[in-house]
Amino acid sequence: MSKIKSIGFIFLLFFLAGCSTKKDSLKNRYYHNLTAWFNTLFNGQEAINQKLKELESNHQDNYFEILNVDPLSEFKENNDSEVISYQPGKGINMFSQIFNLGENKQEEKNAKTGFEKAEEKALKAIAEHSMLIRGKERNRLMARAYLMLGQARYYQGKSMQALEALREVQKLPFDKHHHQAIFFEALALQQIQNDAEALEKLAELAQKDLNRKLKAQVFKHLAQSQFLAGDESSAIENMKLAIDATRNKKQQARLNFILAQYLTHTKAYKDAAPYFAKAYKLKPGFEMEARAKLFKALNFQPEHQNYFSLKEDLQQLLKKGTYKKYYNEFYYGLGKLELKRDSLSLAKNYFEKALLEDISDEKFRGETFAEMADIYFRNSDYIYAAAYYDSAVAKYPESTRKTELQENQKALNSIKSKYYTIRKNDSIIAIAKMEPKKQEEFFKNFIENLKIQDENKINQEQEINQNFYTDNQNINFSFEERKRGKFYFYNPSTQSAGEQKFINLWGNRGLNDDWRFSTATASSIKQEKAMLTGVADISNPRRYEVSYYIEKIPNPELVENLKVERDSLSLLLGVEYYEVLKNQSLANQTLKDLLNSPPTRQEVKEETLYQLYRINTKDETLAQQYKNQLTSEFPKSIFSQYLLHPQKSLKNSNSTAAMQIYNQIYDLYAQQNFEGVHELYQKAQTDFAEEPIFIKIEFIEAFSLIKTHGAEDYLKALERISTQYTQSPEAQHARQLINDFNAKFKKNPNAIIGQ
């Protein structure tokens, strides 16, 4: 036994002596190649594969954006990533395993995972198995080690370190991994926003003789890079090549879906349809199958595609229980189909059905709310539109689209307040101008209709309560649109059955998602409409008395004030339609109606003519017409001066008198004599409106208004500055103040002072 042990120990020493990294022998190269793979790189590659699989399973695609070619989130540059290093231990491999078992177990216990583990394993392989002899690497597996090191660092966002490792691969004489190293080098270059060089490397690599798997990777990333660079035609062709080189059906389906998205982006809707269809046929899983059918339908173009075929496709999917999770999306798709046929009532019906289904994806729920908002907006029902926009913003996850919805929400809330105040004032003014007998007759008719309406509501409530639990899914909200040309809130026929259904079903709460399960109470939409339009309190016991309404008719002086307010708001509303909503037609109509009213104050008419000129500059004849009217009727107006002498702009020197009154107003503001500011402002407006300094007086007046009249008048003054001096720096500053106020100071208006 003793002899055998001695021989074994001598053999072990001989074997270990042959494991030197400094001797270039076949035995040494074989040993270090073998141990580098099984002791380090194999485990590192497994760590990468496992982490990528985990990321893929957790990844949520946003189907409203072009999908990434890999079902993974973007790996962004991360300069704060952990620094990974490796120090060789005592002895090498087998020797250390024999004499340091406890130490190795502790290392294994504290081992890293995922990409960090792969980086550590690659560093270990390089440290313990690199055979750099006479300036040349003799261990072929070091190319694999540096490639893994570059990959692991790229996935962690260590861009520059990744590039260093990947370029080391290309320096080695073993060219097996060169192409793959160049591929990951291009990805790392994209990570640091060096897109041009990355695109160049991918394009060069695409010309090489690549194995099929790498070829598929190169072509799909090349296509994606070209698409992002704006070269859609090349992207489409290279994506087709990527599909041809891909054998995995799930990956093929994804690339077909992306190719369809590229074609959709270029408005080649008909060409996109077969690729959506192919993505579905490859059966990549319920999620992509459902979306392939859905987005094929969303591409519907009435002049080129069969509406009935696309509609039947979605309706058939609604009968399949395997797609139950996506029913809300199919109803959304049916609604979009109807919108393209201008069938607003059918579209709204489908969107409402979508909202009654369970949520498959918050983005689809947010888009459904947004579509409902758009429908109500098109019918000028801004209260419901704003409520649905509020829900869309609340439901949508953080994204560029959410920011866009928030902008729409902010603009609509601003428009909503002006619009309903104008309608309310119009109705009050019209009733105030009636003879007393006609006023009494009007309200008698109103009350009679109101009683009928209340009785109908009771009957509707009883019917809905009777059918709700047995036929919940078939209830449709038919929110009847208001009828134009009648007094809005005094006409009971404009109160829709749908509003009552909403309250009966979901309770007296605001329009939030998950109405059925919400316990939070809030002001109902109907109450908000009553408040904005000036309808009497629906719970007031005197609501059936004529005298109750007669008492509320304002005196002539208040009616005149209402007209002044109405004119100012109409002017601002017309400008907002043009500036914010980009709706020239609606802006023109609003401003023309204001001119025909006509405005009570001269300055409102002046600016209305100027805004009509500005809005219609592309129509030279119409613009000239408004310019001539403005300059002939109001030759001394600041707007006339600007149109007649645009080179003078607002940079002219001020008169001594104008500077004196500016200094007086400034001193009064500094002394907090805000009433004095208002008084002198009226004088300055009459005498010095054409002076460049007057815009600064406007600002002082705005800051005084918030102290004496409140936030609403302050914002109106800033809006007047932003619209009256459209191209000036002061107008930009006014708009910024409005945005700051809305964002930061809405709950505490006094906090804006001094900013």
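By convention here, the first residue in the shown sequence is residue 1. In what follows, every heavy atom counts, from backbone to side chain, and hydrogens, waters and symmetry copies are set aside. From a predicted model like this one, the values you see are computed outputs, not experimental measurements.
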Indicate whether any N or O donor in one side chain lies under 3.5 Å from an N or O acceptor in the other, for [X] and [Y].
X: Q584; Y: Y577; answer: no
X: D390; Y: Q409; answer: yes
X: E620; Y: Q624; answer: no

Sequence neighbours left out, what passes ring pair (Phe, Tyr, Trp, His ring centres under 6.0 Å) with [X]? Give chain and number order.
X: Y578; result: none
X: Y382; result: F377, Y419
X: Y63; result: F257

Any pair counted as salt bridge (Lys or Arg N to Asp or Glu O under 4.0 Å), so long as it reaches residues 554-574, sequence neighbours left out: D426-R566, K563-D567, E565-K716
Scan for salt bridge (Lys or Arg N to Asp or Glu O under 4.0 Å) pairs involving residues 581-593, sequence neighbours excluded, and state none if there are none. none
Would you mind checking if [Y] and [X] are paired as a salt bridge, meaning a charged N to carboxylate O distance below 4.0 Å?
X: E338; Y: K348; result: no
X: E719; Y: K418; result: yes
X: K402; Y: E362; result: no

Tell me if the aromatic rings of Y626 and Y613 count as close, with their centers under 6.0 Å from one another. no
Check: F369 ring centre within less than 6.0 Å of Y389 ring centre: no
Between I665 and Y681, what is the shortest heavy-atom contact and its length? CD1-N, 4.1 Å
Sequence neighbours excluded and cut-off under 3.5 Å, please list the side-chain donor-acceptor pairs for residues 672-680, or say none.
from, atom 1, to, atom 2, distance (Å)
N673, OD1, G676, N, 3.0
H678, ND1, E701, OE1, 2.9
H678, ND1, E701, OE2, 3.3
H678, NE2, T708, OG1, 2.7

So which of E404, K363, E367 actually passes side-chain hydrogen bond (donor to acceptor under 3.5 Å, both in side chains) with Y396? E367
Checking Q625 against Q629 for the side-chain hydrogen bond (donor to acceptor under 3.5 Å, both in side chains) test, could you report, in this order, the C-alpha distance in whole Å, the side-chain angles of both residues, the deciding distance, and whether it holds? CA-CA 6 Å; Q625 176 186 323; Q629 185 178 353; 5.4 Å; no
